[in-house]
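All remarks here apply to the structure that follows.
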Amino acid sequence: MEAFWEWFRWLYDETGINFSVLYDPYNREKFAAAMFVTVQIAVYVLFITTLIGLVGVWMQRSRFRLLRWFIRGYIELFRNTPKLVQLYCLYFGVSAFLPRFDDGTGLMAPLIGAFTWVLLTFALHYGAFTVEVFRSGIEAVPETTLEAARALGMTKLQVYRLVLLPLAFRICLPALNNNYVFVVKGTSLAYAVGINEMLYAANQIYTLDANVPEMMTVLLICYVSMVTIFVTFMNKLERALKMPGYGT
């Protein structure tokens, strides 16, 4: 493996094409750690976003008007404002009103760190879209199917959990797949608040090594690879859950 890394050093010496992120152990480890952070953000946000979508679509169908108004306001707020603005409002705005604590070094640290704000902002932003994706799937389930479930003596919760959600999930899986791809790509905005993800690490490397084209190429390949792996998995899931007559 060492010969592989050294080939890029030889390439730099011979041609001036500087992929220092590959032949320099420090840069390589730094970028690998940043890639791990990017994957962490994506996985956490995907999980939380799905939960928000499930709870949100239940609130949309609630008999309590206040809950329906609340979820509608949430969806309109987070769908109709830029994600970066939301991140800045929470990180610089809301955070300023929260209490701080002594971190042991004599400095006052914020109650909620930048990483948590990123997860919260991204989850709320994409969660608003996920609620609407689930809603479209639920509304596509034939009413006759639900009537048949009720005729079997199922309670409202059983119909929702055992019939409606499984069918709706299959129907909306392609749209959900598309939304999740945006989650993976959108992790790069964590750079704006100093999170050491791939774009942040790339910026630090090309600032020192003056190899902007090479680092942008590496970033492009990494994001394309991550999204391709994720889409391949989701496509396999779509085929595995395919049901004739239910759109997937």
Side-chain angles (χ1 to χ4, degrees), residues 1-50 82-88 91-92 103 105 109 112-123 125-126 176-239:
M1 195 64 181
E2 190 63 31
F4 175 77
W5 304 129
E6 286 301 317
W7 183 85
F8 288 97
R9 188 186 298 276
W10 172 86
L11 182 68
Y12 174 53
D13 292 337
E14 294 295 321
T15 67
I17 299 176
N18 187 11
F19 285 100
S20 61
V21 69
L22 297 176
Y23 67 75
D24 186 321
Y26 175 78
N27 286 345
R28 189 165 65 239
E29 291 175 10
K30 182 179 183 62
F31 193 78
M35 183 181 293
F36 179 71
V37 172
T38 295
V39 173
Q40 271 189 310
I41 295 173
V43 171
Y44 290 155
V45 172
L46 287 173
F47 177 74
I48 301 171
T49 292
T50 304
K83 184 171 61 174
L84 184 59
V85 173
Q86 295 166 9
L87 178 59
Y88 280 169
Y91 181 71
F92 293 111
D103 62 359
T105 64
I112 301 177
F115 187 81
T116 304
W117 280 123
V118 165
L119 296 185
L120 179 62
T121 304
F122 289 5
H125 177 83
Y126 292 109
L176 200 61
N177 185 4
N178 188 58
N179 193 44
Y180 285 170
V181 167
F182 282 112
V183 171
V184 176
K185 294 190 299 182
T187 56
S188 60
L189 275 186
Y191 163 88
V193 292
I195 299 298
N196 186 36
E197 46 75 56
M198 288 196 297
L199 180 58
Y200 187 90
N203 176 271
Q204 290 186 319
I205 292 171
Y206 70 61
T207 298
L208 293 175
D209 295 344
N211 57 345
V212 176
E214 291 87 348
M215 286 310 303
M216 291 299 102
T217 302
V218 170
L219 269 182
L220 179 66
I221 293 173
C222 288
Y223 276 111
V224 169
S225 301
M226 288 173 58
V227 171
T228 300
I229 293 171
F230 180 76
V231 169
T232 301
F233 168 77
M234 291 297 292
N235 288 340
K236 288 182 179 294
L237 183 62
E238 284 185 41
R239 290 193 293 270

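Computed from a predicted structure; not experimentally measured.
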task = Show your working on side-chain contact (heavy atoms from CB on, under 4.5 Å) between Phe31 and Leu22 and close with a plain yes or no.
result = CA-CA 9 Å; Phe31 193 78; Leu22 297 176; over 6 Å; no

Donor-acceptor side-chain pairing of Tyr91 and Thr121 below 3.5 angstrom =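 Short answer, no.
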
Heavy-atom closest contact ([X] atom, [Y] atom, distance):
{"X": "Ala42", "Y": "Val183", "answer": "O-CG1, 4.2 Å"}
{"X": "Gly186", "Y": "Tyr126", "answer": "CA-OH, 3.6 Å"}
{"X": "Val193", "Y": "Ala114", "answer": "O-CB, 3.9 Å"}

Tell me whether the count of non-hydrogen atoms from other residues, nucleotides or ligands lying under 6.0 Å of [atom1] in [X] goes above 12.
{"X": "Phe115", "atom1": "CZ", "result": "yes"}
{"X": "Tyr223", "atom1": "OH", "result": "yes"}
{"X": "Tyr12", "atom1": "OH", "result": "no"}

Taking atom [atom1] of [X] and atom [atom2] of [Y], what is their separation to the nearest 0.5 Å?
{"X": "Phe233", "Y": "Glu238", "atom1": "CZ", "atom2": "CD", "result": "11.0 Å"}
{"X": "Asp24", "Y": "Ile205", "atom1": "CG", "atom2": "CD1", "result": "8.0 Å"}
{"X": "Phe19", "Y": "Leu11", "atom1": "CZ", "atom2": "CG", "result": "7.0 Å"}
{"X": "Glu197", "Y": "Phe36", "atom1": "CD", "atom2": "CZ", "result": "14.5 Å"}
{"X": "Met198", "Y": "Cys222", "atom1": "CE", "atom2": "SG", "result": "5.0 Å"}
{"X": "Leu237", "Y": "Leu176", "atom1": "CG", "atom2": "CG", "result": "9.5 Å"}

ask   = Could you walk me through whether Asn18 and Tyr23 pass the side chain to side chain donor-acceptor pair (under 3.5 Å) check?
value = CA-CA 9 Å; Asn18 187 11; Tyr23 67 75; 2.7 Å; yes

Is there side-chain contact between [X] and [Y], with at least one heavy-atom pair below 4.5 Å?
{"X": "Asn235", "Y": "Arg239", "result": "yes"}
{"X": "Ile195", "Y": "Thr187", "result": "no"}
{"X": "Phe230", "Y": "Val181", "result": "yes"}

task = Tell me, with the steps shown, if Asn203 and Met215 meet side-chain contact (heavy atoms from CB on, under 4.5 Å).
result = CA-CA 8 Å; Asn203 176 271; Met215 286 310 303; over 6 Å; no

request  = Please report the C-alpha distance between Tyr206 and Asp209 in whole Å, then the side-chain angles of each, then the deciding distance to 0.1 Å, and finally whether the side chain to side chain donor-acceptor pair (under 3.5 Å) criterion is met.
outcome  = CA-CA 5 Å; Tyr206 70 61; Asp209 295 344; over 6 Å; no

key: Glu6: partners by salt bridge (Lys or Arg N to Asp or Glu O under 4.0 Å), with sequence neighbours left out   =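 Partners of Glu6 under the salt bridge (Lys or Arg N to Asp or Glu O under 4.0 Å) test: Arg9.
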
ask   = Does the cation-pi check pass for Lys83 over Phe122, that is, NZ or CZ under 6.0 Å from the six-membered ring centre and within 45° of its axis?
value =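 Output yes; distance and angle both within limits.
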
message = Keeping Thr116 on the side-chain end and Ile112 on the backbone end, is there a donor-acceptor pair under 3.5 Å?
response =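 Not a single qualifying donor-acceptor pair exists.
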
request  = Classify the ring geometry between Trp7 and Trp10 as parallel (under 30°), tilted (30 to 60°) or perpendicular (over 60°).
outcome  =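 It falls in the tilted class, 30° to 60°.
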
inquiry  = Is there a side-chain contact (heavy atoms from CB on, under 4.5 Å) between Leu219 and Met216? Walk through the geometry before answering.
reply    = CA-CA 5 Å; Leu219 269 182; Met216 291 299 102; 3.6 Å; yes

task = Please test Tyr200 against Ser188 for side chain to side chain donor-acceptor pair (under 3.5 Å), starting from the C-alpha separation and ending with a verdict.
result = CA-CA 8 Å; Tyr200 187 90; Ser188 60; over 6 Å; no

